[in-house]
Amino acid sequence: MSRPIIEVSNLGKMYRLGEIGASSLREEASAFWDRLRGRHTEVSTREFWALKDVSFTVQPGEVVGIIGRNGAGKSTLLKILSRITEPTTGRAVLRGRVASLLEVGTGFHPDLSGRDNIYLNGAILGMSRAEIRSKFDEIVAFAEVEQFIDTPVKRYSSGMYVRLAFAVAAHLEPEILIIDEVLAVGDASFQKKCLGKMRNVSADGRTVLFVSHNMAAVRTLCPRALLLERGGIARLGDVNSVVTSYLQEGRGSASEREWPNPAEAPGNQHVRLGAVRVRPPANHSVISIDTGALIEIEFFNLVPGINLDCTVYLLNGDGLVLCETGLIISEKNDTQRTKYRVRGKLPPHLLNAGRFHLTVLFGKDQYYPLYRAEEIVSFVVHNTSTGRASNMNDAPGVIRPLLPWSHEIIGCAVNGLT
């Protein structure tokens, strides 16, 4: 086997909570004199390890998915691999040119035009001007920004920005391509084009690290995956086994969860959950394709006098968001903290059989997010034979609409046919 193109050994990254940058001048001076006098200053115990004891290798040409819940350490790992930040412990060795797309704006100078930024990024990767020029037209065509290529990128929309940033990262022939969830900024057609390009990049023998919350995309693109939990590696191996482990263990497995004590409930200073329930309708014992389901959410609003909104995301077993729905609750004239119960209904003949999950997001004025409860409950839709002409046990697809089919006789059989 060839030498790994990426080697990560005992990698760790520690932050001191509550500190911004270095200590104050007085603290630095005090620590300096204590060191001269042989005294040991007390180290702050407010330490947070975003990564700890992370070790893995990646072979040339591999496409590896990196998954995990928010705060698991994914972005910190990519920033260390991209040389944006230094590790606290351990080391990461990357053998080859690295192009990374971690967030909108990374690597671009806002006052330079799209054209200038293409040449700037190529130079950073060590490419000659002639090499960049040979790829220039292909980059611009892929990003679909021909009309604006000489406009400063600070005037680009977020979609234009990320299209050009991805095109530059993917076309300037790095040995290692690092892509974060930033592709979610693009529209569906562009995301599809990006996934196709990443397949081509890996087929050319280059290495891809791909971070996403879209498990369907991870399964499609990556033969191998790494699952991070609380800054450490929880699982590394075949993508299907790793994704299945993440989907089963990382979510609320119950269809009903209750927190009667607000002090112990999920939430923050703005809002706290009281209960989330997904139930079959009255007179039914299970949720099935024919019954639909009832959704009930109870929560405590701790900041009176705001326009509060409650949004529900419906996800399938691969973590793909199928839809969002919800409502706005106006409290402009309410001066009291309030407990609410909101109800919604999933209609019959909408979902196919399988397991689904709910994520709940609370916001203010339909703009400011206040609290997000990721995949807080799950529920199973049981199979029925309604609306099916085949005898297969499992029907493909995410939805199972009951469509209005009809038939009629339009003539006789052709003579001579038996």
Min side-chain heavy-atom separation [X]-[Y] under 4.5 Å:
| X | Y | answer |
| --- | --- | --- |
| Val8 | Ile80 | no |
| Ile399 | Asn352 | no |
| Val98 | Leu81 | no |
| Val377 | Glu256 | no |
| Ile149 | Ile118 | yes |
| Ile66 | Leu78 | yes |
| Val342 | Val312 | no |
| Leu351 | Leu314 | yes |

Exceeds 12 heavy-atom contacts within 6.0 angstrom, atom [atom1] of [X]:
| X | atom1 | answer |
| --- | --- | --- |
| Lys197 | NZ | yes |
| Arg199 | CZ | yes |
| Gln147 | CD | no |

Query raised in the report: Given Val153 and Met160, is the side-chain contact (heavy atoms from CB on, under 4.5 Å) satisfied, shown in steps?
Result: CA-CA 9 Å; Val153 296; Met160 291 167 59; over 6 Å; no
Mind listing the closest non-hydrogen atom pair of [X] and [Y] along with its distance?
| X | Y | answer |
| --- | --- | --- |
| Val64 | Ala225 | CG1-CA, 4.4 Å |
| Cys310 | Ile297 | SG-CD1, 4.2 Å |
| His357 | Phe379 | N-CE2, 4.5 Å |
| Pro281 | Thr291 | CG-O, 3.3 Å |
| Arg355 | Ser378 | NH1-OG, 2.7 Å |
| Thr76 | Ala50 | OG1-CB, 3.7 Å |

Between [X] and [Y], is there a donor-acceptor pair closer than 3.5 Å when you use the side chain of the first and the backbone of the second?
| X | Y | result |
| --- | --- | --- |
| Ser55 | Asn10 | yes |
| Ser113 | Pro152 | no |
| Ser288 | Asp290 | yes |
| Lys364 | Leu370 | no |
| Lys13 | Glu86 | yes |
| Arg235 | Leu227 | no |

Report summary line: Residue pairs passing the side chain to side chain donor-acceptor pair (under 3.5 Å) test with at least one member in residues 88-97, sequence neighbours excluded, are Glu7-Arg95
Requested in this report: Output, in order, the C-alpha distance, side-chain angles, deciding distance and verdict of side-chain contact (heavy atoms from CB on, under 4.5 Å) for Val242 and Leu226.
Outcome: CA-CA 7 Å; Val242 174; Leu226 182 156; over 6 Å; no
Query raised in the report: Can Arg372 be said to sit on top of Tyr313's aromatic six-ring, NZ or CZ under 6.0 Å from centre and within 45° of the ring axis?
Result: yes
Requested in this report: Check whether NZ of the Lys or CZ of the Arg Arg129 lies under 6.0 Å from the centre of the six-membered ring of Tyr119 and within 45 degrees of that ring's axis.
Outcome: yes
Query raised in the report: Going from OH on Tyr15 to CG on Leu51, what distance comes out if it is rounded to the nearest 0.5 angstrom?
Result: 8.0 Å
Requested in this report: Quick one: do Arg277 and Glu298 satisfy salt bridge (Lys or Arg N to Asp or Glu O under 4.0 Å)? Show the steps, please.
Outcome: CA-CA 9 Å; Arg277 308 181 184 96; Glu298 297 177 4; 3.1 Å; yes
Query raised in the report: Would the His270 and Phe362 ring centres measure less than 6.0 Å apart?
Result: no
Report task. Dump the intermediate steps for side-chain contact (heavy atoms from CB on, under 4.5 Å) on Leu228 and Ile233, then the final yes or no. Result -> CA-CA 5 Å; Leu228 287 175; Ile233 295 179; 4.0 Å; yes
